[in-house]
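Only heavy atoms go into these numbers, but all of them, side chains included; no hydrogens, no water, no symmetry mates.
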Amino acid sequence: MLAFVIQRVAQSALVLLIVGLVAFSMFRFVGDPIDNMLGQERTQADIERLRTTLGLDQPFPVQYYKFLANAAQGNFGVSYRQGRPVSDILMERAPATLELAAVSGFLAISIGIGLGVFTAIRRDGFAANAIMSISLIGVSLPTFLIGILLIYLFSVELGWLPSFGRGDTVQLGGWSTGFLTKSGLLALILPSITLGLYQMTLIMRLVRSEMLEVLRQDYIRFARARGLRERTVNFRHALKNTLVPVITVTGLQLGSIIAFAIITETVFQWPGVGLLFINAIQFVDIPVMAAYLMLISVMFVGINLIVDLLYFTIDPRLRVDRTKAH
């Protein structure tokens, strides 16, 4: 187990180093921030002074090393556009994105697993076939189009829900939350559905496929032959073994919810880190862009590492295979 953990941690560290290199490379190859920070009346002396202040006059390896050292401490420099520490800006925007991702992930997992089990158990029923047909919408339509359709129906036509913004928030220490206000909860509904719909349909179809495969196994037939109730067979034996391979995909989908929140936040003007990244691209705010890439990569790698360890823990076959290999 220890060797497995060390191997996965080493792989995760290597991935972060590579992503760090890509993120840092933007400082040299994605525009020149000096042009955006200084006005038209700048002189060559002003340019050289600012370049020295930002550390852009140093060799590439030195800049890269300082970037990694500072990033490990949560210091991503100063925003070229706002003139504030990037870490402070991210801390202001992160609660909005994390709350949106948490609600979307909860909806995707709970509804996806529930509908997947239902459509597997009632696979020949009308309701199951209708759900499978409707689920094609979540798989086929792009996220931005789903968001626009929801806005048109529930905001423009019916006027039930807000079409943009986060609503009123409450400050709890350094965390701003919309969970404690009515407008904040209403503002969460459309973006969370838009962001989680694709993941929900993917999880539902995966659970259905895996459960149908498990229900064909001999031990399920033996359990039914013993006279066990159908509910016990489905939820105690079949579902337990169905969720083992689903954990990996579900974990990665949770990471993608945070990463692909960019589109949803843009459509709904949700004040999170995704919208911050889009604005940073428009103004070539490279420190913010690099910090966003590093933040998303850390989340992806962290979730992937947790999923690997959890999968290794709950699936005894992996432990047996590694024992035989040694």
From [X] atom [atom1] to [Y] atom [atom2], the distance as rounded to the nearest 0.5 Å:
| X | Y | atom1 | atom2 | answer |
| --- | --- | --- | --- | --- |
| Phe268 | Ile263 | CZ | CD1 | 12.0 Å |
| Arg122 | Ile131 | CZ | CD1 | 12.0 Å |
| Leu188 | Glu99 | CG | CD | 6.5 Å |
| Thr194 | Leu145 | OG1 | CG | 10.5 Å |
| Ile257 | Ile303 | CD1 | CD1 | 9.0 Å |
| Leu195 | Leu107 | CG | CG | 10.0 Å |

Which pair of non-hydrogen atoms, one from [X] and one from [Y], has the smallest distance, and what is that distance?
| X | Y | value |
| --- | --- | --- |
| Thr97 | Ala261 | CG2-CB, 4.5 Å |
| Met204 | Ser135 | CE-CB, 3.3 Å |
| Arg123 | Ala128 | CA-CB, 4.3 Å |
| Gly165 | Ala187 | O-CB, 3.7 Å |
| Met211 | Ala120 | CB-CB, 3.9 Å |
| Ala291 | Val86 | CB-CG1, 3.6 Å |

Exercise for review: Walk me through it: do Val103 and Phe179 pass the test side-chain contact (heavy atoms from CB on, under 4.5 Å)?
Suggested key: CA-CA 10 Å; Val103 175; Phe179 287 154; 3.8 Å; yes
Transitive ILVMFWY side-chain link [X] to [Y], under 4.5 Å:
| X | Y | result |
| --- | --- | --- |
| Leu197 | Ile151 | yes |
| Ile109 | Val207 | yes |
| Val273 | Met289 | yes |
| Ile148 | Phe164 | no |
| Trp160 | Val267 | yes |

Indicate yes or no: at least one non-hydrogen side-chain atom of [X] is less than 4.5 angstrom from one of [Y].
| X | Y | value |
| --- | --- | --- |
| Ser163 | Leu190 | no |
| Met200 | Ile193 | no |
| Ser87 | Asn75 | no |
| Ile189 | Leu185 | no |
| Ser297 | Leu16 | yes |
| Val301 | Val19 | no |
| Ile278 | Glu265 | no |

Take atom [atom1] in [X]; do more than 12 heavy atoms of anything else shown fall under 6.0 Å from it?
| X | atom1 | answer |
| --- | --- | --- |
| Trp175 | CH2 | yes |
| Tyr65 | OH | no |
| Arg229 | CZ | no |

Practice item. Could I get the full list of ring pair (Phe, Tyr, Trp, His ring centres under 6.0 Å) partners for Tyr292, not counting sequence neighbours? Key: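 In terms of ring pair (Phe, Tyr, Trp, His ring centres under 6.0 Å), with neighbours along the sequence ignored, Tyr292 is linked to Phe277.
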Practice item. Output yes when a side-chain donor or acceptor of Arg84 lies under 3.5 Å from a complementary backbone atom of Val78, and no otherwise. Key: no
Practice item. Taking Glu157 for its side chain and Phe154 for its backbone only, find out whether a donor-acceptor pair lies under 3.5 Å. Key: no
Review point. What residues, two or more places apart in sequence or in another chain, satisfy side chain to side chain contact (heavy atoms under 4.5 Å, CB included) together with Thr181?
Key: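 With sequence neighbours excluded, Thr181 shows a side chain to side chain contact (heavy atoms under 4.5 Å, CB included) to Asp168, Val170, Ser183, given in chain and number order.
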Practice item. Give the C-alpha distance, both sets of side-chain angles, the deciding distance and a yes or no for side-chain contact (heavy atoms from CB on, under 4.5 Å) between Leu141 and Leu149. Key: CA-CA 11 Å; Leu141 294 181; Leu149 292 176; 4.3 Å; yes
Check your understanding: Can you list the steps and then say if Ser104 with Gln199 is a side chain to side chain donor-acceptor pair (under 3.5 Å)?
Key -> CA-CA 9 Å; Ser104 301; Gln199 281 74 20; over 6 Å; no
Point to revise | side-chain contact (heavy atoms from CB on, under 4.5 Å) between Met299 and Leu98, worked out | key: CA-CA 11 Å; Met299 290 182 178; Leu98 293 178; 4.0 Å; yes
Review point. Can Arg205 and Leu136 be said to form a side-chain contact (heavy atoms from CB on, under 4.5 Å), step by step?
Key: CA-CA 10 Å; Arg205 287 177 168 271; Leu136 291 174; 3.1 Å; yes
